[in-house]
Amino acid sequence: MSNTETKPSDSLITTDVETGSNDRTAPSDRTAVAARDLNVFYGDEQAIDDVSMEIPEKRVTALIGPSGCGKSTFLRCINRMNDMIEVCRVEGDIEFGGKNVYDDDVDPVALRRKIGMVFQKPNPFPKSIRDNVAYGLKIQGFDGDVDERVEESLKGAALWDEVKDQLGSSGLDLSGGQQQRLCIARAIAPDPEVILMDEPTSALDPVAASKIEDLIDDLAEEYTVIIVTHNMQQAARISDRTAVFLTGGRLVEYDDTTKIFEDPEEQRVEDYITGKFG
Amino acid sequence: MATDTDTGRVEEFGEVSRVRGIAFEYLSLGASVLGIFALAVLLIYVTIDAFDLANANPLWLLTYFLTLVVPFLGFCLYSARDRTLTRRAVTVAGGGLVAVAVAFTLVETFVGQVPRLNWQLTYLFVVIIPLTGYLVYMGARGRPGSVGFGMVGRLIGGTAIGLAFSVLFLVFDERLWFLAYTLGIVPALLAYAYGRLRDTPAAVTAALPISILGMVLAVFVREVLRTYPTTAFIYLWTLAIPIAAAGAVVVNGRGSRTAALTAGGVPLALATAVGLFGRAAGLGVGGPNALLVIAVTGVPVAAYLHRVFDVGEGVSGLGLPVLLVAGALAGAFLVELFGIPTPSPWVSETFLTEAPSRTATEAGLYPAIVGSVIIIAMVAVLSFALGVATSVFLEEYTADTGVVGALTRLLQINIANLAAVPSVVYGLLGLGLFANLLGFGFGTAVTVSLTLSLLILPITIISAQEAIRSVPDDLRRGSDAMGATRWQTTKNVVLPEAFPGILTGTILALGRAIGETAPLIMVGAATTVFSPPSSLFSKFSAMPMQIYAWANFPQAEFRYGVVAAGVITLLIILIGMNGTAILLRNRAERGN
């Protein structure tokens with residue numbers, strides 16, 4: 001468990017040192033996702049400019065930066081959700097499990113079954129809680145015990161105790177924070193390898209957000225978590241590695257979270273983190 | 001405010017003119033009131049003509065008012081449990097009586113005779129019917145009211161659907177259905193159930209091919225096989241038993257096994273007993289149609305009873321059907337007792353069950369009702385299937401940009417334009433394409449249904465597209481991100497969410513289809529047929545055609561009485577159909 005709740009942060013940097021230094025301080029030797037010379041264009045506009053980075057397995061990696069800096073675009077490149085946008089063009093490689101996901105023989109639908117995603121706005125389906133969690137299992141033709149997996153996933157998303165008596169009621173009847181945890185349960189139910197989170201707490205109140213943060217910390221035990229966030233304190237509290245994108249889609253600095261928040265190499269990054277710019 | 005001025009006080013804010021807004025508000029109010037008023041006057045006169053109310057004895061009206069209307073209003077007020085509402089309702093009913101009587105007398109004295117209206121009828125239409133509508137609305141919010149109306153709705157709706165089924169079997173071969181059901185649907189369901197229970201996905205996948213194979217087989221077997229069970233047995237096996245089983249499954253899902261068996265078994269046993277032996281036992285009812293109606297009505301009623309008793313609230317509402325029947329019987333008894341003359345309404349049993357006739361009193365609408373029901377059923381299926389398929393393709397599968405995008409937009413514009421093409425032109429298309437070129441025959445059910453389906457297809461497509469477009473993109477992206485294919489996203493997320501909206505559009509379009517006369521004339525549908533159609537390719541008529549024909553008869557009884565009765569029947573069937581569909585839609589919405 002993280003100790004963020006017991007010790008309120010008095011500065012960004014202390015918070016980071018405390019949470020970042022939990023049981024996952026040593027950098028992982030295995031890479032889950034790697035970008036090589038990635039360029040993304042929306043029509044004529046360049047959204048990502050020559051980004052290369054390696055994201056470690058079973059760690060929380062935070063992507064931070066001002067609005068429009070390409071961090072969400074980068075996230076959507078990993079599971080090829082950008083394919084849905086017709087004007088979007090991707091150059092360069094994204095390697096997942098050693099394989100470039102933009103190779104011609106990669107089926108994006110099959111790829112997405114290995115990579116879960118949680119969106120900014122909670123988007124549970126207008127179905128029962130059980131059916132929401134079982135959705136991925138259903139479409140992937142899961143042939144094990146669905147109810148057992150639903151229970152595991154809801155427990156994994158720290159929602160089981162709150163909803164175990166109302167699995168049949170609609171997912172839309174839950175509160176915003178519960179809905180977001182339901183979406184997390186839905187994402188982890190098919191047991192993906194990577195979970196992408198696109199500002200998962202920005203639509204939630206602080207209490208609900210802190211529950212999700214605790215949850216993300218736990219999720220990193222089993223999954224590689226890549227999270228886009230606008231909230232610097234959040235990035236400092238929950239992530240092991242932090243990538244700072246600045247305007248124009250350039251990756252300015254990418255290092256251990258401790259390093260980024262304590263002693264960034266770049267002056268621009270320090271300005272951004274301390275709020276002088278952004 | 002923030003910066004202190006010398007005094008810190010504002011002397012004046014000025015004034016903003018609202019004259020135009022207010023004028024616009026009242027103009028729009030006037031326009032809508034005018035439209036509704038004109039429609040209301042028309043409907044009032046049609047109702048008066050159809051039920052011969054102009055000649056009704058005031059005592060007759062009073063009797064039924066006291067035995068039927070007053071108890072019903074009392075029930076609504078009891079359900080609403082609102083003292084203010086009760087006081088207001090009594091004030092409106094009492095004050096309305098005085099006001100209408102006074103106003104009516106004044107008009108008669110100073111302006112002139114009002115044709116076919118007296119103050120009692122005016123009171124009924126102007127005060128009592130709106131009041132009843134309002135009280136039904138308020139009463140339905142209370143638990144007894146919602147239970148009562150749910151019960152009455154299931155009784156009436158079940159009967160109507162049962163009758164509609166039996167009408168459809170006039171033209172559809174029940175023996176072919178029997179074979180298709182036995183050889184196709186039953187084995188497929190068994191395979192599906194086996195696959196589910198034993199965790200054998202192969203069996204689940206095999207269910208669809210099995211059903212198709214069985215149905216094709218049925219067509220061949222129908223040519224060869226000569227002996228069949230009786231119609232009553234076919235209805236029992238193919239419709240009553242599955243309906244009872246479905247009811248039992250629903251009840252089992254919410255309660256005990258015993259309750260489930262009762263809810264499915266009792267209506268089934270009753271239907272079987274009455275259907276097979278009713279005539280022989282001298283009950284007066286019986287035969288396959290009675291079996292069907294009892295099963296279709298009984299199972300939902302039993303399931304509903306179980307739910308009401310399970311919840312335990314508003315059980316008193318179950319008395320509403322009893323109250324209504326008792327009120328009607330008491331009214332009839334009192335009328336008989338005091339020898340009050342009863343009006344002879346044009347909408348009568350003869351009218352609904354007999355063939356058209358040269359004499360007004362014997363004229364009936366039965367063949368045309370059957371024709372209309374068959375058209376509605378076929379048009380509903382055809383336009384729904386085609387409309388949903390087209391709109392899904394246009395919304396979910398085509399690209400927005402490039403050559404494909406341009407073609408899609410061209411198609412869109414054409415569909416929108418087709419919606420504005422006059423129905424006579426569609427009639428011409430039906431005549432040329434279906435009747436002549438494809439040889440489906442002039443004025444047959446197939447030709448008419450296909451023509452009307454084409455007529456409403458653009459409306460169905462546009463409204464279905466609208467419904468699909470209104471499904472939030474968040475949900476699609478959520479499903480896509482789970483690794484769902486386009487088809488899985490469409491089937492599991494988009495269509496269930498868009499379904500209520502699609503249904504609304506289809507209902508509105510269907511309403512237009514059953515009222516159409518021009519395309520029917522063009523494709524050569526008969527204005528008058530004397531027996532209900534016996535196959536999809538036999539000559540047949542529809543309600544609007546028959547009404548149109550009657551309106552040209554020289555006798556005044558036809559032009560006033562019979563036409564009015566036809567219009568009322570058409571409206572009741574239309575409203576009943578729309579109402580059922582709207583209830584289903586609301587249920588689907590709440591089901592989310």
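Atom set for the values below is all heavy atoms of this structure, side chains included, hydrogens, waters and symmetry mates excluded. Naming convention: chains lettered A, B, ... in sequence-line order (proteins, then strands); numbering from 1 in each chain.
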Taking all heavy atoms of [X] and all of [Y], pick out the closest pair and write down the distance.
X      : Y      : value
A:G136 : B:M482 : CA-CE, 3.7 Å
A:Y135 : B:T489 : OH-CA, 4.1 Å
A:R113 : B:G483 : NE-O, 2.6 Å
A:F119 : B:G478 : CE1-CA, 3.7 Å

Can you confirm whether [X] is buried at [atom1], in the sense that more than 12 heavy atoms of other residues, nucleotides or ligands lie under 6.0 Å from that atom?
X      : atom1 : result
A:D104 : CG    : no
A:D44  : CG    : no
A:Y42  : OH    : yes

*Could you tell me which portion of B:R477 (side chain, backbone, both or neither) has an atom closer than 4.5 angstrom to a non-hydrogen atom of chain A?*
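Looking at B:R477, backbone and side chain both touch chain A.
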Under 4.5 Å from any heavy atom of chain B, what part of [X] do you find: side chain, backbone, both or neither?
X      : answer
A:I115 : backbone
A:P108 : neither
A:R186 : both
A:K138 : side chain

*Within the side chain of A:N123, is there an N or O that forms a donor-acceptor pair under 3.5 Å with the backbone of B:D474?*
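Flag set: sc A:N123 to bb B:D474 pair under 3.5 Å.
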*asked:* I'd like to verify something: which residue of A:D107, A:L111, A:V87, A:V109 has the highest number of heavy-atom pairs under 4.5 Å with chain B?
replied: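 The answer is A:V109.
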*Got a second to check how far A:Q140's CD is from B:Q488's CD, nearest 0.5 Å?*
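If we round to the nearest 0.5 Å, A:Q140:CD and B:Q488:CD are 8.5 Å apart.
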*If we only count heavy atoms from C-beta on, is the B:N492 to A:F125 side-chain gap below 4.5 Å?*
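The answer is no, as the side chains (C-beta and beyond) never meet within the 4.5 Å cut-off.
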*With a 4.5 Å limit on heavy-atom distance, are the side chains of B:L475 and A:P126 in contact?*
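Yes, side chains in contact.
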